[in-house]
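Both counts, for ligands and for their atoms, begin at 1 and track the order of listing. Residue numbers start at 1 and run along the sequence shown.
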Amino acid sequence: MKNYCFLTFLLGLTLLFSNCSRRKEAIKYSNNFDILPDRVWAGEDFWTIPLEDWQINEGRLECTGNSSNMRTNLITYPIKPGNGTFALNVTCGMLHKGDQEGTVGFSIGVKDDEDPDVKAACYFGKGLNLGVRTNGVLFIEDQTVSFPADFSWEKFHIQVEGNFSLKGKAITLRLMNEQQEEVAWLVKESIDEIEGLIVLGVNHHVASPFSNGPSFWLDDLEISGTKISYEEENRFGAILWAMYTNSRNVLKLTAQLAPVSAQVNGEVHLEIEEGDGWKKLATEKLRVDSYTATFRVGNWDPDLEVNYRISYSENLKDGETSDYEYIGTIRKEPVDKPLVFGGMTCQYGYGFPYTPVVINLLKEDPDILYFSGDQIYEGNGGYSIIRFPAERAILNYLGKWYMFGWAFGDVMKGRPTICTPDDHDVFQGNLWGDGGRKIELEDWQEYAGTSGGYIEPAEMINVVHATQSSHLPDPYDPTPVEQGITIWYTDMVYGKISFAIISDRIFKSGPKEAAFWEEGRKDWITEQGIDLSRLDKPGLKLIGDRQFEFLTHWMKDWKGANMKVLLSQTLFANIPTHHGSIDGILAGDMDSGGWPQTPRNKVVDLLRRCYAFHVCGDQHLPLFVQYGIDEFRDAGWALCTPAITVGYQRRFLPDRLGIPYKNRPDHDLDNTGEYIGGMGHKNYVYAVGNLPDNTRSELRYERAQLSSSGYSIITFDPESRDISCNAIRFLADADRLRPEDSFPGWPVTVNQFDNAGINRTGDKITIQSNGVLNPALLVYDAKTEELLLSVRMKGDKFSGIVDGSGRYNLKIGNPETERWKTISELIPGEPGTNPVVVRF
Ligand SMILES: [Fe+2]
């Protein structure tokens, strides 16, 4: 017989219901960790922070770190408000003495005043700290009592009793030696209500910076009392969340697990609901570096809306297994309605768990999600990164990555998710991956992070790619880049929209290759008016040759799609004028997709040729921009989505700097219109979500709101071809959106055909198709055979501009049936070419 997951760690759990009133119900929980396999994950009732500092080892919970505020949150048994009692017992022992004074004990009644969510309590909660200090003091907050210096730290017991009644509220703390003899005790009376999580804390009384403190093991945890409640829905793991995509009849799904034991042949199963039961779809081995299992299911019916179940069993030491499951929904692919797309980027940890955005996304009910990058920041979780060795770096990354899934898992479980890593995801503030080149930390530091390449070990980069992007449709060309680093660029057809999903970081050249000044950062241009074209040296890469080749293939493929959208991390323009603070004025930033200019122009040209819209993030500044190549507004539109929570602040305040502009939009908002951008591009800024000068707030969510944080909703209508965009503030209520909840200038609607650019010049080609509606049209230069225009016509008429030699070859037809007509050597302007009539 198996132990079912919800019973796994509740060894000895009994629910003791009194015969009298509900008020006296007492809950008892105990865990001796004895049957648990050795592993990093503490179990579904716990959440350990930092992840890499805790483990189950030989039947104990060990805290192996030596920093401050290491904690194991008991997430399922919080203390509830009101009168009653509770008792906490834990056995402890010292693992390492360290050379700084430390503590072990509890924080009780841990909660976050701003967000009642358990996730917020784990990272931002405050409670009553109590326990034992290694300098021989028992403490409840600042109340202390000393105990004898010959106390043995090898094994001891901490007991806490809480008595809350009409007569008064008191906490009693006892320290017992190994033989259970009382060593010291302390009572604190007249305390406030205690309500919130029970947390096991090591060095939990000290503030950072703190290192080389003591570490402890903990065991035989017992919790009981009428003030304890059981919150079953707070359980988290072992399957933490899942992300999926489906495209062209292939379902890809990645299950993300906690760091379970690395058991041989650990298998993860995927099933779908059928009738009264579950039908097995696939079984995959658990990948034990990333703790992921990726499923690929062919012949997927896109019309199916069905629940899926992921299951995993872990062997326990007593010969039994713990069985875990996770249930989500694969939704029916929308084809008869506009596709609602949620665009998110950049989640700085102070906004965790981003509850206002999560609630709004559930209300908006998008058909698909896009997290464009910076799903983690180095400081998320409140502890620093570990760069080396790879194994430690991976666990450190996973601890931060799990915060993303814990926050957004409920949104992702019912809709496809596109997720792509950006620079911070691989622990680099800026990333110019230079095709996967390895870069030494010293080299990177010497050039202030502007040499191309990756600092982190390739094993860690590959875990980032596996956790974030392995569920994307199969890569176009899976050949790894240097160091065996995996790539994921691909395309996805969903809801009649063809998405290209690319990296504008992996192949990009480092600024060190181009900068011509000696002093200072090589990626920041601080001097106004210098000739930026000097940075555009031949051979520099932006998206790399391989992705250009992919996009050239993608742009002509209209099977199942009416519109094209490019998804990448950042904007192909350098817009912000202010970086970091209101005083941080920059003339240019090579981290933007505005540099290098030549490959940037090539991508933007490719996008306008296939009328593609661009969605990106990264900038922490909501922007709606029309690109220019030779002229203002001669290319397509791009939406840079608001950051979920802004950390580093950028602003676009050209009016304040007296930068000239033309053709301000009708809405007449400041800092909009046609401006020459940081890399010399002609940018038409239609809307910008600048933050006010003063963004200070003690409240985390208010700070996010003031810092221009939020999310975007884009509706792609494959029939009208309209693209409607909204950029929505962090604290908005999606059920009651007021005009001020959108950033200034939003909502805004453009049409697919606007992505050619209204100021485009060239030869006009007009088509009338008789016999086929909505055909695809491909226009090649007859001389160079280059594809100049690629579009899915709306109805049977189309007219567009091509810029070529004057003679063109046309291919027009139905990409689904592969029925095509060709016209060779068309010369626009000659008789009979306005329109060119094609009969099927
Ligand atoms: Fe970011």
Side-chain angles (χ1 to χ4, degrees), residues 342-352 354 357 369-381 385 397 400-401 403-404 407-408 418-433 449-450 454-456 461 464 467-469 502-506 508 511 521 523-524 567-576 578-581 584 586 589-595 614-623 625 638-652 678 688-691 695 700 703-712 727 729-730 743:
M344 280 70 63
T345 191
C346 297
Q347 36 200 290
Y348 210 80
Y350 74 82
F352 180 84
Y354 324 107
V357 174
L369 304 169
Y370 177 40
F371 292 95
S372 69
D374 292 351
Q375 276 69 249
I376 68 140
Y377 279 88
E378 289 85 336
N380 284 15
I385 54 166
Y397 160 75
K400 296 167 191 288
W401 166 245
M403 294 172 71
F404 161 71
F408 291 100
I418 297 169
C419 180
T420 61
D422 197 0
D423 41 18
H424 290 279
D425 298 289
V426 295
F427 295 174
Q428 286 183 227
N430 291 320
L431 177 64
W432 357 76
T450 58
Y454 287 85
I455 307 159
E456 289 304 297
I461 307 297
V464 174
T467 53
Q468 303 211 6
S469 305
I502 66 163
S503 170
D504 46 39
R505 310 294 197 189
I506 293 176
K508 188 171 177 173
R521 278 181 71 161
D523 54 331
W524 278 2
L567 306 179
S568 81
Q569 292 69 58
T570 198
L571 198 65
F572 297 126
N574 180 192
I575 306 277
H578 294 64
H579 286 241
S581 74
L586 280 190
D589 177 14
M590 295 160 89
D591 178 46
S592 74
W595 178 82
H614 183 203
V615 183
C616 60
D618 167 64
Q619 290 290 304
H620 315 170
L621 183 66
L623 285 161
V625 173
L639 172 69
C640 177
T641 65
I644 293 168
T645 31
V646 172
Y648 185 82
Q649 298 177 333
R650 294 186 183 89
R651 295 172 169 90
F652 181 58
V688 55
N690 278 314
L691 60 161
T695 59
R700 300 184 295 114
R703 181 184 158 201
Q705 170 84 357
L706 287 171
S707 306
S708 283
S709 308
Y711 64 99
S712 58
R729 293 185 188 275
F730 190 89
F743 288 95

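- Residue-level check: among N/O/S atoms of Asp374, OD2 sits closest to the Fe ion (ligand 1).
- The 12-atom threshold is exceeded at OH of Tyr397, counting heavy atoms of other residues, nucleotides or ligands nearer than 6.0 Å.
- Tyr377 and Tyr348 have tilted rings, their planes meeting at an angle from 30° to 60° on a 0 to 90° scale.
- A salt bridge links Asp618 to Arg505: one of the charged nitrogens lies within less than 4.0 Å of a carboxylate oxygen.
- At a threshold of 2.8 Å, the Fe ion (ligand 1) has no backbone or side-chain N, O or S atom of His424 nearer than that distance.
- Checking His614 against Ser568 by side-chain atom types alone, a donor-acceptor pair falls below 3.5 Å.
- Just one of Gln428, Lys400, His424 meets the side-chain hydrogen bond (donor to acceptor under 3.5 Å, both in side chains) condition when paired with Glu378; it is His424.
- For the pair SG of Cys346 and NE2 of His620, the angle at the Fe ion (ligand 1) is about 90°; rounding is to 10 degrees.
- The Fe ion (ligand 1) has no N, O or S atom of Asp618 inside 2.8 Å of it.
- Residue side and main chain included, Tyr377 places an N/O/S atom under 2.8 Å of the Fe ion (ligand 1).
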